[in-house]
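The block underneath contains the structure these notes are about, expressed in structure tokens.
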Amino acid sequence: MKTISIYTIIILSLAVCCACDSEFLDVKPRKSLVVPTTLEDFQALLNRGESLTNLSPGLQMIAADNRYRLPTAMESLSPRDRGIYLWEQNPYSGESLRDWNTSYEQIFYTNIVLDGLHNYPAEHRSGQEYNKIKGYALFHRAVAFFGLAQLFTKAYDPSTANQDLGIPLRLSSSVSQIVERSSLQQTYDRIIQDLELALGLIPDDILETQPYRPSKAAVHGMLARVYLSMGRYEEALLHADACLAIKSTLFDFNELDVASNRPIPPSLPTGNQEVIYHLTAMTPAYVTSPTTRMDTLLYDMYDDNDLRKQCFFRSYNGGYIFKGSYTGNVSPFGGLATDEMYLIKSECLARAGQVTEPLTLLNKLLLTRWDKSVEYVPIATDSPKKALDIILEERRKELVGRGLRWGDIKRLNVDPLYGDITLQRMVDGQPKLLPPNDSRFVFPIPDDEIRLSGIEQNAR
Amino acid sequence: MKAFKFICLLIIAPLCAIKAQVINGRVLDRATHTPVQRVSVQSPGAGISTATDERGYFRLPATATSKRLTLVFSHVGYETETLWVETNGTDTLRILLTQKAGILEEVNVSTGYQSIPKERATGSFVLVDNELLNRRAGSNVLGRLEDLVPGLVFNRVGTDLNSQSNISIRGNSTISARQDPLIVLDNFPYEGDVADINPNDIASISVLRDAAAASIWGARAGNGVIVITTKKGRFDQPLQLNFNSFVSVVQKPDLFYVPRISTDEYIDMERKLFERGYYTAKESDPNRVALSPVVELLIAMRDGTVDEAAAQRQIDRFRKLDVRNDIKKHLYQQGVSQQYALNASGGGSQHRYYLSAGYDVNRPASMGDINRRISLNAGNTWSLLNGRLEVDSRIFYTKSIAQRNALSMASLNFAPGYSLYPYAQLADENGNPLAVTHTYRNSFIERSAALGLLDWTFVPLQEINGTDRRSESTNNLFDAAAKYRWTDWLDTEGRYQYGEINTADRSLYRADSWYARDMINRFTQLNAAGEPERPIPVGGILDDANSATVSHSFRAQLNVNKSINQKHQIDGIAGWEARWLDYRSKRGRRYGYDENYATSATVDHLGSYVSFVNPSSANNRITENAGLNEGADRFISYFANASYRYAEKYTLSASGRLDRSNLFGVATNQKGVPLYSLGAAWQIDRESFYRLAFVPTLKLRYTYGYNGNIDKSLSAYTTAYYYPPSDSYLGLPFAEIENPPNPNLRWERVRIQNLSLEYALANAIVSGSIEYYWKKGIDLIGFSPLAPQTGTAAFKGNNANLSGSGIDIALNSRNLRGRFGWSTDVFFSHSTDRVTRYLTQSTNFISDYLLGGYGFPTTGKPLYALYSFAWAGLNPENGNPQGYLDGEISEDYTAIINGATVTDVVYNGPARPTVFGAIRNTFTWGRFSSSVNISYRTGYFVRRESINYGNLLAGAGGHGDYTRRWQQAGDERLTTVPSEPLLASQGRDDFYAYSAALVERGDHIRLQDIRMDYQLLAPNRPLGGISSAQLYVYANHLGLIWKSSSSEMDPDYQTGPPPAFSLSLGINVRF
């Protein structure tokens, strides 16, 4: 009997030992399933292109004034889009908001990458590839934060930014934690900090063949856009200039088939030489619907010899439909292009009191848009304010359909030089107004976010 | 590798064991000379006892004080025998026992780890013996369990195509993990296709229903366990041959089962739509979408390109046709299945064997399909070292070949969403195949042909030969086991199984198939000279998919069976088990394939091509249809199970199991979960105070415990899923986050309590059991919402609960015995479940609760539930369907649908039967016997189909309810079918389709099947080596006897006909 128990003990202890083999249980159940740990994994998480990485908000295009809805087609707008279009107090009808969700999904992805890079073995935490991916992630996160700030916060005003509500600045990938709203100052500080950091990490070479990837030009371009929106024109000028120093190509519209249905060459993969960084707006059905028309006053602002008039607009059933997206397809472009940099630089120079230089820049841009069979008369004035007025008008005309108008209105309405843009909709024959700096210029936080996280709602 | 050391140890160890002085003997049945196991062997004088093993051997230690001993041999099924034996004898004793008259053989159930007498079990086991299994004819062994096991139901709704079976045992236990029970073949989990098992090789099936029965399978037992036990040879049995064969004939399906509008109504509707200008926009559709022949004729008449009278005559000829007749005639045949099975078994004193071969060929009613299966099975057992060591080996081989060339109804659609027009003709009067309109307009096809494109016409009857789709699979299992008996009460065993499953699916679209011609044509580009250039070369298209699964299982186990002083009986097992399984699969496609030379061409998968059909669609890529999938399962488990029985009256049992697996990324200490059960049984009838003579058997059992379940798609770490560059517009590999981090992930648990009463009345005329159970699924995987700022909309984790309860009643009655015998077997099962915790709410009511589904997990409701909109009848003025909005009768369908929440729609009830069962009557008359099986299902609801005006008014035909629609005031009292609107409204259609008007009770009684058999030879009168021969007839799917709904449809079959009637004729011969 003793022998038996000895053997039993040996057998059972051996069995237990077999099980100690922890490697046995560390095999992946599916090989295509990865815990992202390598630089390739992190890069792959940022390769989702137009399904995530290269998306920008599109909601503001419904609320802005470049387009209008045919009164007969109001009913066919979804309740949420109608609420946004009519600047209602509670516009969403309880629906969730793709612009919010997707922007935070982008932030979640970048945080997974940044957390992963943070936990990367110390000895490998440098090197070009590591830095580049870290720069990419910081850039993508800053772009997403900025997109959210444009929609869900007031225009930046340095005197109140410490009290104004910013957005939740999620800096970790943990899903169990709720982040309260930051101040607007903190929001912009974070955006600038991320971009400045990215600037030092992203390599110098220009990625002409990969407009969906951030480049040094893109970081400068984004900084120029952010500083401009904050009214910090000196810094905006600096970065627009730096961006143009890397890339300043402009189309000659005379070489485009402006009469065709899609005159602008597609941004992806490489066709659009003006594109610095590619983003596709999350297109609300409102924008592409044939019962949404371009504002006729805007249309009338273009000279008949301005090729943009033909290139951007298509006559349709007595109205005009936008056809000049820089994506080269039906989706609006939300990325960075050289024309915007010319306009930022020109505006900043004019705001610094200059006249000749900004108008030279503007004329350089407009010449490429002008029918070459007709003589182009360069714009000229002596007054810096007049020059600024012209530049801002050309900004609206050139950057139509890029989702920038809403931010510009907000910015200009806190600008002491302007501050007079009132939006108007006709509802049942009655005008409905959105006066400057109205609280409805700030979109409310989506209802489901408030319900599930309890963060502070915007004043309405 | 450590595992092999262990095997070696197991084999070497016995050689070092001490030899003891013992009385050796063997107990055999007096009539058959087969071994009798579990015979109690006692020596009252010496106070020693033991029991025989499964080969009838026993060993009794001879602590001899005298030279002779009295031995008493007792067994529940045999007359007790008393013998005087010499203690110094060296020969093996041979004892013959006589069977008691009228007593059933002792029943053993198997858990896959041990075989235990049912009377000693505390858990809820159901044993389906060989005779019952063979009652049905068919090639699938699991299908034979239908209507036999209380609590086991074959689901007809909500079944998952990836699971091994559509069986539920005692309702639902999980929400998102696997829902089907674990299938065990002899000792190890069976991962292959159940259809690969030859039913003729199966001896019995044990169904493990509660925690005490199943918890030995731990984390895989949550849905119950089905243990399939194969046949084995017997020691000391001469060669026995058994041959079984049957032929089944299956009727063609009833294509008219789901009513459709008539051809006249169809054509009238097309005319009406044409007059309304419905087709004007479609005529210039850039995708050249096909229009039906009548519409084409109407266009031609309008344009004056056809003789009006001739066109009219053509349309009138169409009116007489119904394509369902053609389909039935040309695409269906009478189905025929054949099965041939031969097995040989036998054994000597030290060796036994079982060899079998089976061949099945099944030609279903759908023409072009055929399935074949070849199975071989060889098992050998050697008894060595004077019966101390038993070595076992078995090889199991199956090859299945399925040819699937039948045309599906969807493949005949003439345009997307348009099923074949009812006046289509598949063949002319002489049976010559005819072309039908398909996908593109004929004018476009003609124009393309003139430009040099391949012929684009579609001839359905030629398509059957145009494709060659087949899947082949081989399934190999190799088992080896060694068992060493240390003493009469202790043995150890080691088992190993190697499994290999290979499948090869191959779909060849030959060069003349429509699919290949269409692919080639769509990518064809006209060059500057107007000549066609073909990025996809002319030739066949071949899709290949292969998968291979290899598994190794290893188990070491210690068994104890100790009986002390007749009073105490201890049975126990303990062991360790490891299982590793690796799978890989790949698929790919080849273009320009030439069957004769097995060559193919290279195509550019990354290039963008302009569609020949619609030139404005410019970014078309030639699909690669390629993929790879590789992965692995790893399990390590520790298990133990023990029972103690006192005085054959009281039994206590306990069982525990710890499972660890490669559940991805979980820290090792959280990978495992201990699952346990406790049980007790009380044989009341053996108490001295028990006086109920008319109930000679009465046994009470109670068990409590946990089984587990696992959703391996989840992980504790952030995981991402990689996509290949070809899936990306950017041409880059990309990864999507699959799981946000979840450090608290754990396995699902199901707590089950079971209370049971087993009884038998005097002379065993009536016997049976009543079982009541409660179960609760805890930590089930479910979704909970997350704030959108986290970047994840919902979180999948252990945050749902489910509870259920039910009752299973079995009653077997031997009504008449003797020359004319009659017995009745009845079972009744009641099973309910409801979700008790689920954190997310539906965001889209209509798609989650109504469209095609059985409801979103909702607290307080069954997992599978049916909901509908409250019905306020038809509007007497216009026949519009009416519902309720804020308590008022309303026709604002958009508001009703958009505002619907789970609280204000009608909850009709469960979508799966809550009560089900079967009644089987068996009659015997001499050598003739017959049994009739009637099944029933109640307590559930089904949704009927009806007319969809959106489809009808798009010219796509519709349901036959159209004929019964509201047409004039007053009709609302006769019908619930809404009137035909001028313009279709999705809201109106959806409201009606999901209204309470179309929900009905599913309750029904079905005459499932009848079997008759006849023994050609009288008992004990062999004829030329044939010891028995049986002829049998089996008729299946006989139809409904009763249903509660007034609709003509079979409640369980709403979208297509029920399985067609089949008749089998078979023979079973034993040599």
Side-chain angles (χ1 to χ4, degrees), chain A residues 1 3-4 7-8 10-12 14-19 21-22 24-36 40-41 44-45 47-52 96-97 100-101 104-109 111-112 116 168 170 173-175 177-179 210 212 268-269 446 448-449 452-453 455, chain B residues 2-3 5-6 9-10 13 16-18 486-487 490 492 556 558 574-576 578 580 628-634 636 638 660-665 668 671 712 715 717-722 728-738 740-741 785-793 795 843:
Chain A
M1 284 305 241
T3 348
I4 294 164
Y7 279 125
T8 312
I10 292 172
I11 290 165
L12 287 178
L14 207 77
V16 171
C17 279
C18 292
D21 198 352
S22 67
F24 184 76
L25 295 178
D26 285 342
V27 178
K28 289 196 280 182
R30 256 190 305 164
K31 284 196 183 167
S32 52
L33 202 65
V34 291
V35 172
E40 290 75 32
D41 297 339
L45 286 170
N47 277 355
R48 288 192 53 197
E50 290 179 317
S51 71
L52 185 71
S96 68
L97 209 59
W100 176 274
N101 297 354
Y104 274 108
E105 194 182 352
Q106 291 172 329
I107 293 160
F108 175 59
Y109 271 62
N111 283 331
I112 283 171
R170 293 193 66 91
S173 61
S174 162
V175 297
Q177 148 202 13
I178 294 296
V179 177
Q210 299 175 352
Y212 47 84
L268 290 180
D448 50 351
E449 176 67 44
L452 291 164
S453 69
I455 61 169
Chain B
K2 285 170 183 163
K5 283 187 207 161
F6 184 33
L9 187 71
L10 268 181
C16 324
I18 306 158
W486 301 86
T487 73
L490 177 71
T492 48
L558 191 74
W576 168 84
W580 54 112
L628 287 171
N629 194 10
E630 294 185 23
D633 276 3
R634 298 282 187 273
I636 287 178
Y638 308 84
R660 297 183 184 284
S661 94
N662 62 333
L663 180 56
F664 191 31
T668 308
K671 273 178 186 162
K712 290 192 89 172
S715 164
Y717 291 148
T718 308
T719 56
Y721 190 83
Y722 257 97
S728 160
Y729 186 62
L730 304 175
L732 297 170
F734 65 100
E736 276 182 19
I737 298 292
E738 186 141 300
L786 282 181
Q789 64 157 272
T790 58
T792 318
F795 180 73
T843 51

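Note on naming: letters A, B, ... go to the chains in the order of the sequence lines (proteins, then strands), and numbering restarts at 1 for each one.
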Partners passing side chain to side chain donor-acceptor pair (under 3.5 Å) against B:Asp633 (at least two apart in sequence or in another chain):
B:Lys712
Best-contacting candidate, B:Leu628, B:Leu732, B:Asn629, against chain A by heavy atom pairs under 4.5 angstrom:
B:Leu732
Here the pair of heavy atoms bringing A:Leu452 nearest to B:Pro788 is CD1-CD, 4.4 Å
Which bit of A:Asn111 comes within less than 4.5 Å of chain B, counting heavy atoms only: side chain, backbone, both or neither?
neither
Segment of A:Ile455 engaging chain B (4.5 angstrom heavy-atom cut-off):
side chain
Turns out that what part of A:Pro168 lies under 4.5 Å from chain B's heavy atoms comes down to side chain
Roughly how far, to the nearest 0.5 Å, is CG of B:Leu786 from CZ of A:Phe108?
9.0 Å
If you define the side chain from C-beta out and look only at heavy atoms, does anything of B:Glu736 sit under 4.5 Å from A:Tyr109?
yes
Show the nearest heavy-atom pair for residues A:Asn47 and B:Phe734, with the distance to one decimal.
O-CB, 3.5 Å
Which pair of heavy atoms, one from B:Ala735 and one from A:Leu45, lies closest together, and at what distance?
O-CD2, 3.6 Å
For A:Glu105 and B:Gly791, which heavy atoms make the closest approach, and how far apart are they?
CG-O, 3.4 Å
Contact part of A:Ile107 toward chain B, heavy-atom cut-off under 4.5 Å: side chain, backbone, both or neither?
neither
Which atoms of B:Gln789 approach chain A - backbone, side chain, both or neither, heavy atom under 4.5 Å:
both
Using non-hydrogen atoms and a 4.5 Å limit, figure out which bit of A:Gln106 sits close to chain B: side chain, backbone, both or neither.
neither
Only pairs of heavy atoms separated by less than 4.5 Å count here; which of A:Ile178, A:Val179, A:Asn101 has the most with chain B?
A:Val179
